[in-house]
Amino acid sequence: MTESSRTSRTWFITGVGRGLGREFARAALEQGDRVVGTVRHAGAMSNLLADYPHSA
């Protein structure tokens, strides 16, 4: 699959506030995919949103 023919995917990831969930989310966002994530504490995703403003 070439980069231009790749369609974006949407991932549902629990625990994107830290740890493995955060790394999965970051990897998906790096590939241009969208992430729907859950966190335990409000604001835990704020730096991901700041790093990937066009993904929100």
Side-chain angles (χ1 to χ4, degrees):
M1 178 184 311
T2 65
E3 186 66 32
S4 62
S5 67
R6 186 182 180 283
T7 60
S8 70
R9 296 174 281 190
T10 301
W11 297 83
F12 180 77
I13 304 172
T14 59
V16 299
R18 63 185 192 152
L20 199 52
R22 179 178 216 69
E23 294 307 312
F24 282 136
R26 187 174 300 280
L29 291 166
E30 286 286 328
Q31 294 296 313
D33 292 343
R34 292 175 294 199
V35 173
V36 176
T38 64
V39 293
R40 288 185 183 180
H41 305 285
M45 250 177 33
S46 60
N47 64 343
L48 281 178
L49 293 172
D51 291 343
Y52 302 96
H54 300 300
S55 298

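Predicted, not measured: the structure shown is a model, and the values here were computed from it. All residue numbers in this chain count up from 1 along the given sequence.
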*Spacing of NE2 belonging to His54 relative to CG belonging to Leu29, to within rounding of 0.5 Å*: 12.5 Å
_Interatomic distance, Arg26 atom CZ to Asn47 atom CG [nearest 0.5 angstrom]_ = 6.0 Å
*Locate the shortest heavy-atom distance separating Gly32 from Ser8; write the atom from each residue and the value.*
O-CB, 3.7 Å
*Would you indicate whether the side-chain heavy atoms of Phe24 and Val16 approach each other to under 4.5 Å?*
no
*Shortest non-hydrogen contact from Val39 to Gly17?*
CG1-N, 3.6 Å
*In the single-linkage hydrophobic clustering (I, L, V, M, F, W, Y; side-chain heavy atoms under 4.5 Å), do Leu48 and Phe12 co-cluster?*
no
